S.K.: 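Once you've had a glance at the structure underneath, I'll fire off some questions.
Note that the structure is a prediction, hence the values are computed from the model and not measured. For ligands, and for the atoms within them, numbers begin at 1 and follow the listed sequence.
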Amino acid sequence: GEERENLSYELFGRAIRELAQAVADDGYEPDMILSIARGGLFVAGGLGYALDVKNLHVMNVEFYTGVGETLDMPVMLPPVPNVVDLSEKKVLVADDVADTGKTLKLVHEFCSEHVAEVRSAVVYEKPQSLVKCEYVWKHTDRWINFPWSVEPPVVRRDGQVLDA
Ligand code: 5GP
């Protein structure tokens, strides 16, 4: 549909508690939470408090859109999580939304080589997602306005790149 899914900070607060409750009710006890920057940082922080997990890590994944290319590929940007930090751990991957699911697929493939178990928690999942997340607060096929990105930045920063 044309209408958008609007998430306020207030509703996000409730969503994160319900998402955490679903993880707890399922009996999953993650050793660490792996957030996917930047949207996943909000989710991971909330889940960390609600699930009493202090071991939080971050992964930077960005969509690279090749000019004139038909394929969109997410790429991992440095710094990549230390595999020693991940080894033999039960991981909960936290993100804002699984849309195409390509981002989560990449993270899953990276993790599954190193960790004991990996599951994913997202606020939203769309029907076309390649990855079916274990924990989803809400399913939607609409474009989502998140409270942290619905407004433009307060300053303009052109050509900013992450440190290698
Ligand atoms: P993917 O397609 O790999 O599942 O999603 C990649 C990223 O695109 C998400 O983490 C999110 O940052 C962004 N994205 C995908 N769908 C939406 C949406 O409906 N609204 C917003 N604001 N961002 C989205």
S.K.: Can you tell me if D52 has over 12 outside heavy atoms packed within less than 6.0 Å of its CG?
M.R.: no
S.K.: Dump the pairs for me: ligand 1 N or O, protein N or O, distance under 3.5 Å, to 0.1 Å.
M.R.:
{"from": "ligand 1", "atom 1": "2 (O)", "to": "T100", "atom 2": "N", "distance (Å)": "2.8"}
{"from": "ligand 1", "atom 1": "2 (O)", "to": "T100", "atom 2": "OG1", "distance (Å)": "2.6"}
{"from": "ligand 1", "atom 1": "3 (O)", "to": "T100", "atom 2": "OG1", "distance (Å)": "3.4"}
{"from": "ligand 1", "atom 1": "3 (O)", "to": "T103", "atom 2": "N", "distance (Å)": "3.0"}
{"from": "ligand 1", "atom 1": "3 (O)", "to": "T103", "atom 2": "OG1", "distance (Å)": "2.6"}
{"from": "ligand 1", "atom 1": "4 (O)", "to": "D99", "atom 2": "N", "distance (Å)": "2.7"}
{"from": "ligand 1", "atom 1": "4 (O)", "to": "T100", "atom 2": "N", "distance (Å)": "3.2"}
{"from": "ligand 1", "atom 1": "4 (O)", "to": "G101", "atom 2": "N", "distance (Å)": "2.8"}
{"from": "ligand 1", "atom 1": "10 (O)", "to": "D96", "atom 2": "OD1", "distance (Å)": "3.1"}
{"from": "ligand 1", "atom 1": "16 (N)", "to": "D99", "atom 2": "OD2", "distance (Å)": "2.7"}
{"from": "ligand 1", "atom 1": "19 (O)", "to": "K126", "atom 2": "NZ", "distance (Å)": "2.6"}
{"from": "ligand 1", "atom 1": "19 (O)", "to": "I144", "atom 2": "N", "distance (Å)": "2.9"}
{"from": "ligand 1", "atom 1": "20 (N)", "to": "I144", "atom 2": "O", "distance (Å)": "2.8"}
{"from": "ligand 1", "atom 1": "22 (N)", "to": "I144", "atom 2": "O", "distance (Å)": "3.0"}

S.K.: Taking D99 as the fixed residue, which of R142, K105, K126 is the one that meets the salt bridge (charged side-chain N to carboxylate O under 4.0 Å, His left out) rule?
M.R.: K126
S.K.: Assess, by modelled atom type and distance only, whether the side chains of S120 and H108 contain a donor and an acceptor separated by less than 3.5 Å.
M.R.: yes
S.K.: Do R119's NZ or CZ and the ring of Y28 fall within the cation-pi criteria of under 6.0 Å and 45°?
M.R.: yes
S.K.: Hey, is the main chain of K102 close enough, under 3.5 Å, to the side chain of T100 for a donor-acceptor pair?
M.R.: yes
S.K.: Is there a donor-acceptor pair closer than 3.5 Å between any side-chain N or O of E5 and the backbone N or O of T140?
M.R.: no
